[in-house]
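Here's the structure we're looking at; comments come further down.
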Amino acid sequence: MTKSVWEMRAVTKTYGPVTALADVDLDVGEGETVAVLGPNGAGKSTLLSIALGLRTPGSGTARVLGRPPLEALRAGRVGVLLQESGLLEDVRVGELVAAVAGMYPRPLPPERAMRAAGVEDLARRRVGALSGGQRQRVRFALCVVGDPDVLVLDEPTVGLDVEGRRALWQEVRARTAQGRTAVFATHYLAEADDYADRVVLLAGGRVVADGSVSTVKSLVGGSEVRCTLYDADLDDLEILPGVLQVSVEGRSVTLRTKDSDATLRGLFAMFDDVRDVRVESTDLESAFVSLTGEGRG
Amino acid sequence: MGSYLRLELARGFRNPVGLIMTTFFPLGLYLLFTLVLDVAPKGIGDVGAYTMVSMATYGAMGSALFIGGAIALERSKGWLAQLAVTPLPAHGYVTAKLVSGAVTVLPSIVVVLAGGALLTGVRLPLGTWPLLVVLIWAGALPFAALGTAFGYSIKGQVASLAMMIVYFVLTVLGGLWLPVESMPEGMRVVAEYSPAYAAGSLGWRALDGLAPSGSSLAVLAAWTVLFAALALWRYRRAV
């Protein structure tokens with residue numbers, strides 16, 4: 001077992017009658033990249049803020065790098081990208097990054113952090129004149145400039161364009177490749193699929209799945225047959241061989257099946273006008289939907 | 001904390017609106033009161049020097065109070081949420097704010113005193129000038145604490161508006177625009193216990209070669225303790 005970076009034991013947090021986290025145990029080891037997923041209100045933000053020491057657990061314990069989370073933060077070991085945080089408006093980007101760098105014991109050169117975040121060209125621009133995506137890049141520069149051992153990222157790529165996302169994940173990967181740790185919360189399941197080596201799925205304040213991306217996918221199992229169908233009758237689709245679950249959105253039909261070959265034979269036999277048929281292995285989104293009980297509309 | 005203090009200082013000296021409001025506006029008022037209008041009350045010796053001290057104190061007060069305006073704005077923009085996840089502890093932030101605020105008070109004082117010496121011919125013993133700077137600067141202390149309390153009580157632009165009103169009331173009550181000598185007796189008693197009067201009296205007495213009176217020091221200290229306690233309480237509620 002690698003060195004423990006994050007350790008949560010029986011953490012519970014309630015806000016009045018609302019249970020944000022219920023009895024959560026979580027260990028993250030050195031060098032791991034962990035995605036925390038869950039529908040809105042699942043407890044992702046509460047989980048992150050307890051791990052940062054910004055909130056205290058109602059009961060249970062949280063430790064980061066073997067010490068209380070706030071101590072690890074104040075010691076400059078943790079770099080954080082928060083969703084709701086703001087920036088100083090009346091300073092230049094370069095000044096801001098340099099000032100934050102000075103708060104850490106062993107920072108990166110500010111230019112290095114700005115290059116990693118793709119804002120080196122904006123160093124002389126006033127923060128107040130930046131676009132939303134540029135600000136998010138600056139936040140990322142602030143997050144890595146302290147050269148922290150642990151990165152905690154809450155929805156890091158919201159507002160970023162394709163190029164910005166690519167740059168961000170490239171930097172995160174470069175850091176975890178050196179044995180550093182990254183934990184991120186995201187709504188983009190594709191990002192968890194592509195960049196996380198472990199997924200923690202939260203629903204209703206509980207951990208409903210925790211493992212590698214493939215493990216979480218296999219919890220749901222089977223594969224999916226997708227096709228386009230006019231006037232599809234739900235009852236007809238459900239009796240097709242192998243079908244476990246049917247969902248219809250307009251003309252597009254998704255059949256989750258335990259035997260795609262049998263399902264396909266039945267599908268072609270029953271519907272002459274079926275088109276655009278394809279078979280896909282269960283993706284993370286299906287796992288997400290079925291494990292968290294999120295309706296798909 | 002050093003790097004953050006440097007950033008705060010750079011911001012303070014780069015804020016044109018703040019510098020005009022708290023430095024050139026008091027200078028303008030000073031010139032208006034001494035060169036244009038004839039509002040000299042009875043019983044004051046050197047009106048030019050007296051008004052110079054009043055206006056320097058007025059400007060310093062404003063600079064100190066507006067620390068709170070910056071804090072309120074930063075709170076509403078979420079900057080404090082960002083700082084909360086850096087190694088900078090909360091007391092480091094407050095210290096940087098107070099130190100940079102204390103430094104940015106100085107231009108208000110120096111510009112008005114320079115105006116007095118160069119534009120209206122105020123003549124004082126050489127040693128009195130630096131003494132005035134120090135005394136007026138010290139007199140701004142309770143207002144820095146009050147501004148900080150405001151910053152942690154009210155968010156955004158509303159804080160600046162509320163502070164303008166308090167600034168105006170304290171200035172008038174403290175006899176900085178029109179001396180307390182021209183006030184009716186009842187108002188004058190209240191005025192002499194107000195923080196701005198206590199701050200102003202440090203400089204006014206220095207003009208006559210007198211040390212600060214015990215009562216004005218006590219009044220100033222009491223207001224400082226009260227406002228600092230208020231600031232600390234509001235700060236703990238806000239964080």
Using non-hydrogen atoms only, which part of A/Leu73 is less than 4.5 Å away from chain B: side chain, backbone, both, or neither? both
In plain terms, say whether A/Asp147 and A/Arg180 are close enough for a salt bridge, that is, a side-chain N and a carboxylate O under 4.0 Å apart. yes
Flag the pair A/Arg9 and A/Asp27 as a salt bridge only when some basic side-chain nitrogen lies within less than 4.0 angstrom of an acidic carboxylate oxygen. yes
Give me the atom names and distance for the closest heavy-atom approach of B/Leu5 to B/Ala96. CD1-O, 3.5 Å
Output the distance between atom CG (B/Leu178) and atom OG1 (B/Thr171), rounded to the nearest 0.5 Å. 11.5 Å
Can you tell me which residue among A/Val80, A/Leu81, A/Val144, A/Thr176 is in a side chain to side chain contact (heavy atoms under 4.5 Å, CB included) with A/Leu151? A/Val144
Only residue of A/Leu37, A/Val36, A/Asp210 satisfying side chain to side chain contact (heavy atoms under 4.5 Å, CB included) with A/Leu201 is A/Leu37
Heavy-atom pairs under 4.5 Å with chain A: which of B/Ala84, B/Ala81, B/Ala10 has the most? B/Ala84
Which residues in residues 108-128 of chain A have a heavy atom less than 4.5 Å from any heavy atom of chain B? none
Interface check, chain B: of A/Val78, A/Leu52, A/Leu88, most non-hydrogen pairs under 4.5 Å belong to A/Leu88
Any cation-pi pair here, A/Arg55 with A/Tyr15, using under 6.0 Å and within 45°? no
